[in-house]
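Working notes, structure below.
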Number of protein chains: 2
Amino acid sequence: MPKITFLPHIAYDSVIFGFSDGELKILIMEYHNTGLFALPGGFIQSNENLNDAVLRGLYERTGLTDIYLEQFYTFGDVSRFKPEVMQTLLEASGVDVKKMYRWMLDRFITVAYYALINYKDVTPRPDALSDSCEWYSIKKLPKLILDHKLIVEKAIQTLRVNLDRKLVGGNLLPKKFTMNELQKVYEVILGTKLRRTTFQRKMLAADVLKRHEKHYSGKAHKAPYLYSFKKR
Amino acid sequence: MPKITFLPHIAYDSVIFGFSDGELKILIMEYHNTGLFALPGGFIQSNENLNDAVLRGLYERTGLTDIYLEQFYTFGDVSRFKPEVMQTLLEASGVDVKKMYRWMLDRFITVAYYALINYKDVTPRPDALSDSCEWYSIKKLPKLILDHKLIVEKAIQTLRVNLDRKLVGGNLLPKKFTMNELQKVYEVILGTKLRRTTFQRKMLAADVLKRHEKHYSGKAHKAPYLYSFKKR
DNA sequence: TCATTATTGTCTCATTTTGTAACAATAATA
DNA sequence: TATTATTGTTACAAAATGAGACAATAATGA
């Protein structure tokens with residue numbers, strides 16, 4: 001069995017977005033007994049494509065394979081080199097830093113991705129080094145290590161720009177959804193209220209939605225149609 | 001004097017755009033006696049910010065310090081690992097590959113940037129490994145090594161998207177320019193003809209231009225105003 | 001000197017897109 | 001069966017854009 005080796009100095013971090021309770025949430029890991037929180041990230045095997053490494057990490061944490069994923073920035077400032085932080089994480093997990101994990105204390109450049117997933121499809125799983133992997137509202141994030149707060153902010157900025165251009169909002173919803181649910185996703189991401197009729201007209205005119213049967217919620221009013229995104 | 005060391009496995013490549021003769025051009029390096037062409041790139045010193053490394057490389061090739069620069073993608077497929085190409089480059093330059101440059105034959109992930117500069121401000125300078133550093137029209141590029149063609153294509157795509165959103169077109173022109181010159185830049189980048197009156201109205205409405213004196217070209221017609229971009 | 005030519009800055013009107021409100025059509029409830 | 005809340009669609013106003021017209025030059029040359 002060949003030994004798995006990772007590329008030194010290069011990592012990735014992923015901002016995994018979900019939508020629930022009318023809020024935008026992301027997955028955050030907490031490390032054993034440290035009170036330190038971080039984005040889910042990982043390393044690239046020496047014979048592995050960068051994008052595949054990220055998909056592998058996403059699969060390990062969420063169990064999902066067919067994920068909307070987008071690379072948005074690579075963070076390479078020297079100021080993100082803080083070996084004492086990584087040392088704390090490793091020691092708290094009881095691994096032998098001196099031997100196997102020496103390379104993890106080096107300077108790292110990290111390639112950041114964001115993913116959009118359907119909240120309900122996921123049961124977050126922590127990895128070997130971490131205690132928990134849980135959803136946090138982007139309005140109430142814990143303090144994150146290194147520059148991870150900056151990474152989250154840039155992810156949200158990029159998502160906002162791409163929302164209309166790439167019409168990616170639907171990836172945060174189940175396959176079928178109502179127009180109102182889609183509008184709420186847009187409103188939360190953009191941070192503004194949108195006009196119902198204008199939104200509906202725009203989405204229908206974009207010719208990306210397929211209309212399905214009506215959805216009877218049990219509420220005392222007209223039932224809305226369900227929609228799904230057309231395959232491209 | 002401390003020895004300069006570079007981060008292994010990480011490089012950058014830059015797509016340096018200029019505008020002349022009504023064409024969009026980029027700087028391409030040719031390597032000694034090899035007929036191999038590549039984007040200007042380089043490595044990151046172990047105590048240097050990623051962005052600073054790119055600016056340093058840009059300065060070495062162009063002599064410019066105040067450059068519009070944007071990171072747009074990080075390329076990390078295993079398929080870009082072709083040690084024989086780098087070996088050819090190094091050997092043709094007469095360096096001792098076995099000793100100093102062993103690390104250059106490893107797998108590299110490259111962070112790609114594009115820069116916009118005023119063509120006339122620059123006298124391209126080759127680096128130690130290369131023969132020449134010259135402007136090529138993006139319509140007539142030589143065959144490039146590795147995935148550099150893909151990198152150029154992605155740079156152009158990103159530039160198109162950012163053109164209106166960030167109003168960066170002016171960085172390809174001298175400080176002062178006429179509306180017609182600016183329009184030509186837009187047309188070349190977008191690959192389409194634009195309507196003169198609509199373009200003028202849009203640019204003026206955007207409130208990013210400052211109007212200066214008229215420019216008398218000697219031609220037999222009304223003289224256009226000169227404009228510059230407002231500082232942000 | 002004064003038409004001529006090419007191009008510019010601006011205006012006008014038509015067309016398209018977007019903002020805003022109105023309204024009829026339900027699905028459950030009382 | 002009237003009431004309530006929400007939906008899909010239409011109607012009209014307002015704004016943005018497309019497309020052309022036109023007067024205002026800067027040089028040229030008769």
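For the numbers below, each heavy atom of this structure counts, side chains included, while hydrogens, waters and symmetry mates do not. Order of the sequence lines sets the chain letters (A, B, ...), proteins ahead of strands, with each chain counted from 1.
- Remark: side-chain polar atoms of B/D127 are paired, donor with acceptor, to backbone N or O of B/S130 under 3.5 angstrom.
- Residue-to-nucleotide contacts include no donor-acceptor pair under 3.5 Å from the side chain of B/R201 to the base of C/dG9.
- Heavy-atom distances under 4.0 Å link DNA chain C to no residue of residues 205-212 of chain A.
- When atom types are taken as modelled, the side chain of B/D13 and the backbone of B/A112 share no donor-acceptor pair closer than 3.5 angstrom.
- Looking at A/R125, its side chain does come within 3.5 Å of a backbone N or O of A/Y59 through a donor-acceptor pair.
- Annotation: ring-ring contact (aromatic ring centres under 6.0 Å, His included) contacts of A/Y73 (sequence neighbours excluded): A/F75.
- Bounding nucleotides for the chain B contact on DNA chain D, 5' to 3', at a heavy-atom distance below 4.0 Å, are D/dT17 to D/dA27.
- Here B/Y113 contributes atom OH and B/L58 contributes atom CG; the two are 11.0 Å apart, rounded to the nearest 0.5 Å.
- Expressed to the nearest 0.5 Å, how far NZ of A/K176 lies from CD of A/E213 amounts to 4.0 Å.
- For B/L226 and C/dT8, the CG to P distance is 12 Å, given to the nearest whole Å.
- One atom, OH of B/Y225, and another, C1' of C/dT10, lie 11 Å apart when rounded to the nearest Å.
- Within the structure, every pair that satisfies the salt bridge (charged side-chain N to carboxylate O under 4.0 Å, His left out) test and touches residues 132-157 of chain A, not counting sequence neighbours, is listed here: A/R80-A/D147, A/K149-A/E153.
- Rounded to the nearest 0.5 Å, atoms CG (A/L190) and CG (A/L24) are 10.5 Å apart.
- Of the candidates B/L39, B/V15, B/I28, B/H148 forms a side-chain contact (heavy atoms from CB on, under 4.5 Å) with just one, namely B/L39.
- Of the possible polar contacts, one joining the A/R160 side chain to the A/I189 backbone as a donor-acceptor pair under 3.5 Å is found.
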Dump the pairs, protein N or O against N or O of nucleotides 27-30 of chain C, anything under 3.5 Å, distances to one decimal.
residue : atom : partner : partner atom : Å
C/dA27  : OP1  : A/K214  : NZ           : 3.3
C/dA27  : O4'  : A/H221  : O            : 2.8
C/dA27  : N3   : A/A220  : O            : 3.3
C/dA27  : N3   : A/H221  : N            : 2.9
C/dA28  : O3'  : A/G218  : O            : 3.3

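- Whole-Å rounding puts the A/L204 CG to C/dT18 P distance at 14 Å.
- Summarising the geometry of A/G169 relative to A/V185, their closest heavy-atom pair is O-CG1, 3.9 Å, with the distance given to 0.1 Å.
- Listed pair A/R195 / C/dA21 meets the phosphate criterion, a side-chain N or O lying under 4.0 Å from OP1 or OP2.
- Using a distance-only test at 3.5 Å, with no hydrogens or angles considered, no donor-acceptor pair links the side chain of B/E30 to the main chain of B/S132.
- Looking at B/Q71, its side chain never comes within 3.5 Å of a backbone N or O of B/V111 through a donor-acceptor pair.
- Sorted by residue number, the list of members of residues 167-191 of chain B with any non-hydrogen atom under 4.0 Å from DNA chain D is empty.
- Look at NZ on B/K202: it is 18 Å from P on C/dT10, rounded to the nearest Å.
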